[in-house]
Amino acid sequence: MLDIKIIREDPENVKKKLSLRNEDPQIIEKLYELDKSRLQLIHTTETMKENRNKVSDEIAVMKKNKENTDGKISEMKIESEKIKSLDEELKSLDKEIDDLMRYIPNLPDESVPHGKSEKDNVQIRILGDKKIFEFKIKDHLQLGKDLDILDFERGAKISGSGFALYKGKGARLERALINFMLDEQGKNGYKEVMTPVIVTRESMEAAEKVPKFEEDMYYMEKDDMFAIPTAEVSILNIHRDEILANEELPVRYCGFTNCFRREAGSYGKDTKGFLRVHQFNKVELITFCKPEESYDEMEKMLSHACGIIDKLGLHYRVIELCTADIGFAASKCYDIEVWSYAENKWLEASSVSNCTDYQSRRAMVRYKKQLENNKSKTELVHILNGSGLATSRLMVALLEALSDK
RNA sequence: GGAGAGGUGGCAGAGUGGUCGAAUGCGGCGGUCUCGAAAACCGUUAUAGGGGCAACUCUAUCGAGGGUUCGAAUCCCUCCUUCUCCGCCA
């Protein structure tokens, strides 16, 4: 979530930046007013509490001296009731503010290109050779069937549409890809982790996936738990409520998990085979770093994701998302797209995002910032995530690129 | 799943209703001493929020959330979690 202070101090600026994201800025007005009354209420209750604490101490002293305290006690009884009801008022105000804050996305960085839709995204590099095939290329469904390595029919039999069954060399290729990517990212300085894939609501909230995207998640009502849509959620929560040492930053993790997405509302769009599935495999990269380093880290992370595709020898491009298309928690995003010869279009294989302090604020991931004269200050870290990479679309491009007559 | 015992500051560990945000020890940081170091000694050492230009000050926090009370780390309830034992199980 955003820092309420930036709304308090410069609401117009926040409104302007939200407009760039195609968000309705009106909500900021309301928050500004709610925050104002919240501060007033805090002032009132804290003054009353100060008084109550004082009188309670007096009562303690009087009791020790065996003086009569009945008057003071009954007086404080009334005072305490008042405090209680004001506290309740404050609590509901807090909740109202919090509920609104959860739906306000991160603000875009100055460097992000302005735009109205995904059409305004900017291609910044195009890499790898584009092959020329002298025969009509089969799509991955056909290739998977002919080679007996992918079976979407049986996947659907087991779990419904949008679930893949990998067989034989298909399964082995998938396993090899995952191994390869983990090894490469390990060399790039990411510590490998293997995390839970079912997480609590609290973890989802810390990653800012819930409540906004609750409908996109597989949810286990009995336990109030969610299947992760990305390892970002589990890895980010490794350091929830922790204060990291200045020297240990940046902390980099990579981890492979299955990812689960209901994809509610996207039926009929890219539904074919691997183009959109409910369960897929992904190696995720997460970096916790100092605020002043996060945009440099982002470039590094992007190059680490690209490095995989370079080595696989695929034709791909990097695009910089415009203000209208960056992710909810992100201030800046790059997407990496691989070329599909059969579909004749770009497929998103990775997304690298700088989420600045947006997630760390709720997840409370902080570090001890060193100041001059041996002082230190606790400050929120910046958190970045990137796919390094997701295998499903990669598999499409790879099978196609390697196909022959 | 059943039975029992715990969860206090970076760590260890006191505290069972009234200046307790919390003794003490260790660690960390600063200093004295020293050629230097160790030891010793002195000081300092949580987080969030509010007010103030600032010095500073106030509020909240002893696993989480409720309750009792003028007043809760301390009493009551619920939940989470850790450990030990039993059962079940990949």
Side-chain angles (χ1 to χ4, degrees), chain A residues 1-9 31-99 101 194-206 220-226 234 237-249 251 258 357-381:
Chain A
M1 65 178 160
L2 291 182
D3 187 353
I4 187 82
K5 279 182 188 159
I6 67 169
I7 294 173
R8 189 180 301 160
E9 281 157 18
L31 272 166
Y32 183 80
E33 293 303 323
L34 286 172
D35 178 57
K36 218 155 102 183
S37 30
R38 179 175 170 270
L39 287 188
Q40 268 169 13
L41 199 52
I42 285 175
H43 187 76
T44 310
T45 54
E46 290 198 348
T47 310
M48 290 173 81
K49 281 177 188 173
E50 183 180 352
N51 181 251
R52 182 181 66 184
N53 288 345
K54 248 182 215 144
V55 176
S56 285
D57 286 347
E58 283 167 28
I59 290 172
V61 174
M62 287 167 76
K63 284 220 167 180
K64 211 177 253 171
N65 297 336
K66 304 242 159 40
E67 292 172 49
N68 184 291
T69 56
D70 293 355
K72 282 209 156 144
I73 287 180
S74 55
E75 191 185 309
M76 279 303 104
K77 201 169 194 157
I78 296 162
E79 195 72 357
S80 260
E81 286 303 318
K82 279 189 201 155
I83 290 173
K84 204 175 191 175
S85 83
L86 285 177
D87 267 346
E88 265 160 39
E89 215 174 292
L90 182 61
K91 208 168 141 189
S92 77
L93 197 50
D94 278 340
K95 190 177 179 313
E96 194 179 348
I97 290 171
D98 192 59
D99 286 347
M101 290 297 282
M194 194 169 272
T195 65
V197 296
I198 295 174
V199 303
T200 58
R201 178 174 292 277
E202 201 180 357
S203 290
M204 277 295 182
E205 284 176 346
M220 280 139 269
E221 192 175 8
K222 217 168 179 175
D223 302 291
D224 195 25
M225 290 179 96
F226 298 86
S234 317
N237 275 281
I238 291 173
H239 292 302
R240 168 153 52 92
D241 295 324
E242 289 184 15
I243 297 175
L244 305 170
N246 187 60
E247 318 78 70
E248 63 185 311
L249 295 174
V251 180
N258 300 123
D357 58 7
Y358 189 84
Q359 292 170 314
S360 58
R361 182 164 294 108
R362 193 174 292 279
M364 288 292 271
V365 186
R366 294 162 297 168
Y367 80 107
K368 285 276 181 197
K369 185 191 178 102
Q370 287 308 124
L371 302 174
E372 293 134 54
N373 53 40
N374 288 312
K375 292 243 165 74
S376 69
K377 190 180 165 231
T378 313
E379 199 171 70
L380 296 169
V381 300

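First the proteins, then the strands, lettered A, B, ... as listed; each starts at 1. As a basis for the values below, the full set of heavy atoms in this structure was taken, side chains included, without hydrogen atoms, waters or symmetry mates.
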*Expressed in angstrom and rounded to an integer, what is the separation of A/E46 atom CD from B/G52 atom P?*
13 Å
*Which part of the nucleic acid does A/K49 contact within heavy-atom distance under 4.0 Å: base, sugar-phosphate only, or nothing?*
sugar-phosphate
*Respond yes when some side-chain nitrogen or oxygen of A/N53 is under 4.0 Å from OP1 or OP2 of B/A60, and no when none is.*
yes
_Complement of B/A60, any strand, by Watson-Crick or G-U distances under 3.5 angstrom_ = B/U47
_Separation of the P atoms in B/U57 and B/U44, to the nearest angstrom_ = 14 Å
_Counter-base of B/G1, judged by Watson-Crick or G-U geometry with both distances under 3.5 Å_ = B/C86
*From the list B/A60, B/G65, B/G18, which nucleotide is the closest neighbour of the side chain of A/R52?*
B/A60
*asked:* Using whole Å, what does the distance between atom P of nucleotide B/C58 and atom CD1 of A/I83 come to?
replied: 16 Å
*Provide the distance between the two C1' atoms, one in B/A73 and one in B/G18, to the nearest whole Å.*
13 Å
_A/V197 backbone acceptor or donor facing A/S234 side chain under 3.5 Å_ = no
*If only atom types and distance count, is the side chain of A/D35 paired as donor or acceptor with the main-chain N or O of A/R8 below 3.5 Å?*
no
_Any base atoms under 4.0 Å from A/K63, or only sugar-phosphate, or nothing? Heavy atoms, all strands._
base
*Whole-Å gap separating P (B/G9) and CD1 (A/I243)*: 12 Å
*asked:* Are there over 12 heavy-atom neighbours, none belonging to A/E67, within less than 6.0 Å of that residue's CD?
replied: yes
*asked:* How many whole angstroms separate atom CD of A/E81 from atom P of B/U68?
replied: 8 Å
_B/A54 versus B/G17 - spacing of their P atoms, nearest Å_ = 42 Å
*Could you measure between the two P atoms, the one in B/A46 and the one in B/C11, and give it in whole Å?*
14 Å
_Taking the C1' atom in each of B/C20 and B/G31, what is the distance between them to the nearest angstrom?_
30 Å
*If you look at every heavy atom in A/L380 and A/Y367, which pair is closest and at what distance?*
O-CE2, 3.9 Å
*Are A/D87 and A/K91 close enough for a salt bridge, meaning some N to O gap below 4.0 Å?*
no
*Taking atom C1' in both B/A39 and B/C58, what distance in whole Å separates the two?*
43 Å
*Of all the choices, B/A60, B/U47, B/G67, which nucleotide is nearest to the side chain of A/K84 once you look at every atom?*
B/G67
*Complement of B/G17, any strand, by Watson-Crick or G-U distances under 3.5 angstrom*: none
*Pair assignment for B/C41, Watson-Crick or G-U wobble, requiring both distances under 3.5 Å*: B/G31
_Interatomic distance where CZ belongs to A/R201 and C1' belongs to B/A64 [whole Å]_ = 17 Å
*Listed nucleotide nearest any side-chain atom of A/K91, set B/G50, B/U47, B/G65*: B/G65
*Starting from C1' on B/A72, measure out to CG on A/D57 and report it in whole angstrom.*
13 Å
*For A/E79 and B/U59, what is the distance between atoms CD and P respectively, to the nearest whole Å?*
14 Å
*Report which part of the nucleic acid A/K377 touches: base, sugar-phosphate, or nothing (heavy-atom distance under 4.0 Å, all strands).*
nothing
_Closest to side chain of A/T378, choosing from B/C70, B/G49, B/A48_ = B/A48
*asked:* Under a 3.5 Å cut-off for both contacts, is B/U74 paired Watson-Crick or G-U wobble with anything, and if yes, with which nucleotide?
replied: none
*Pairing partner (Watson-Crick or G-U wobble, both distances under 3.5 angstrom) of B/G36*: none
*asked:* Take a 6.0 Å sphere around CE of A/M220 and say whether it holds more than 12 heavy atoms from other residues, nucleotides or ligands.
replied: yes
*First of A/L39 and A/A60 reached from the 5' end of RNA chain B, by closest nucleotide*: A/A60
_Between B/G13 and B/G7 - P atom distance, rounded Å_ = 10 Å
*Electrostatic pair A/K54-A/E50, nearest N-O below 4.0 angstrom*: yes
*Taking A/S56 for the side chain and A/N53 for the main chain, is one N or O donor matched with an acceptor at less than 3.5 Å?*
no
*asked:* Partner lookup for B/G10, please. Criteria are Watson-Crick or G-U wobble with both distances under 3.5 angstrom; report none if nothing qualifies.
replied: B/C26
*Distance in angstrom units between A/I42 CD1 and B/C58 P, rounded*: 18 Å
*Could you say whether A/R366 or A/K64 is positioned toward the 5' end of RNA chain B, judged by the nucleotide with the nearest heavy atom to each?*
A/K64
*Using only side-chain N and O atoms of A/S80, determine if any of them is under 4.0 Å from OP1 or OP2 of B/G71.*
yes
*Whole-Å P distance, B/U78 and B/A5*: 15 Å
*Under a 3.5 Å limit for both distances, which nucleotide forms a Watson-Crick or G-U wobble pair with B/A54, could you say?*
none
